[in-house]
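Notes to accompany the following structure.
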Amino acid sequence: MSQPRPDLAPDADLSREEMETLQREIADVAVFDDAFAFDTDALSNPLAATSSGGQPPVVVGIDQSFLTNADGDQDRALSAVVAMRGGEVIERVFAVTPLEIPYIPGLLSFREGAPILAALEELSVTPDLFLFDGSGRIHFRQAGIATHMGVVRDVPSIGVAKSLLCGSPRGNLEDLSEGTTVGIESNARVDAPDGTLLGYAVQTRQYESPNRYINPLYVSPGHRVGPETAADIALALSASYKLPEPVRLADKYADDAKTSLDD
DNA sequence: GCGACAG
DNA sequence: ATCTTGTCGC
């Protein structure tokens, strides 16, 4: 059984090359297959009494917003964490930490990892699953923020991104019907054999009629979850909105908490 | 050199 | 991510 790896936590003081080396190490220990004990069917059902007789699993959604100083510069990141069980919110916490580095595609976890880990420390319930706003295995070095955080805490995790960082869709992504998934495989930009399945484009919501259509989500394994299960869970946790509820609520909480701070 | 690029 | 009104469609 794997263990938490606090030694692999993101360090914003590392050189860019060291960050990339750390990401390859993280991808190496990450598990991109189902390796969890909770009951997937009980994720969104409030009354689900699991086969083992316990409570439904605790799903935690995580998202960030940014705070500005007097000069108008973004100087702090706010991480919002929303814990849900059986479709209901059971706890919310957030943490603010100073921003050390700018946003660099592929190095997001080194910018946002500190506030996330700090916020997770505040959580009193024990998470069974993390849902991140960002990529997991769909990443140049197969170590997006969902993978990085999942490995450090050794908690099953899934990356839910609104746009595609890298990789190639195995089919057309325009105007997919609700519930449809399209595989995303590695290409030359990804540190994996070409054709490796990295995740799925997932159409959680779609308009009924013509003209406009909603873009899919890009769901990928973070840690201890396989690509199919990750896509299934994203669909199961999406209600009336495009984003799965835990992520959508974390997104809103990050915004509300930010507003309540610099009011 | 040129293009791509989560949040 | 963030800055932001109106506006198209159900």
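All values below were derived from every heavy atom in this structure, side-chain atoms included, with hydrogens, water molecules and symmetry-related copies excluded. In what follows, chains are A, B, ... by sequence order, proteins preceding strands, each numbered from 1.
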>> With clusters defined by side-chain heavy atoms of hydrophobic residues (ILVMFWY) lying less than 4.5 Å apart, directly or transitively, does Ile145(A) cluster with Ile62(A)?
In response: yes

> At under 4.0 Å between heavy atoms, what does Thr68(A) touch on the DNA or RNA strands: base, sugar-phosphate, or nothing?
Replying inline: nothing

>> List the residues meeting side chain to side chain donor-acceptor pair (under 3.5 Å) with Thr229(A), not counting sequence neighbours, and say none if there are none.
In response: Asp34(A)

> In terms of the nearest nucleotide of DNA chain C, which residue is placed more toward the 5' end: Asp255(A) or Arg212(A)?
Replying inline: Asp255(A)

>> Can you list every stem that DNA chain C is part of, counting only runs of 3 or more consecutive Watson-Crick or G-U wobble pairs with both distances under 3.5 Å?
In response: none

>> For a quick check, with a 4.0 angstrom heavy-atom cut-off, what is the B/S/- contact string for nucleotides 2-7 of chain B, read 5' to 3'?
In response: --BBBB

>> Nearest whole Å is fine: how far is dT2(C) P from Asn69(A) CG?
In response: 15 Å

> Who passes side chain to side chain donor-acceptor pair (under 3.5 Å) against Asn187(A), sequence neighbours left out?
Replying inline: Ser168(A)

> Would you say the side-chain atoms of Ser238(A) and Glu245(A) include a donor-acceptor pair closer than 3.5 Å?
Replying inline: no

> Just by distance, do the side chain of Asp33(A) and the backbone of Gly226(A) share a donor-acceptor pair under 3.5 Å?
Replying inline: no

>> Enumerate the side-chain hydrogen bond (donor to acceptor under 3.5 Å, both in side chains) contacts for residues 65-75 of chain A, please, sequence neighbours excluded, ordered by first and then second residue.
In response: Gln74(A)-Arg111(A)

> Would you say Glu178(A)'s side chain and Arg205(A)'s backbone share a donor-acceptor pair under 3.5 angstrom?
Replying inline: no

> Ile214(A) CD1 to dC10(C) C1': how many Å, rounded?
Replying inline: 12 Å

Just list the side-chain donor-acceptor pairs under 3.5 Å for residues 93-110 of chain A, sequence neighbours left out, or say none.
residue, atom, partner, partner atom, Å
Ser109(A), OG, His148(A), ND1, 2.9

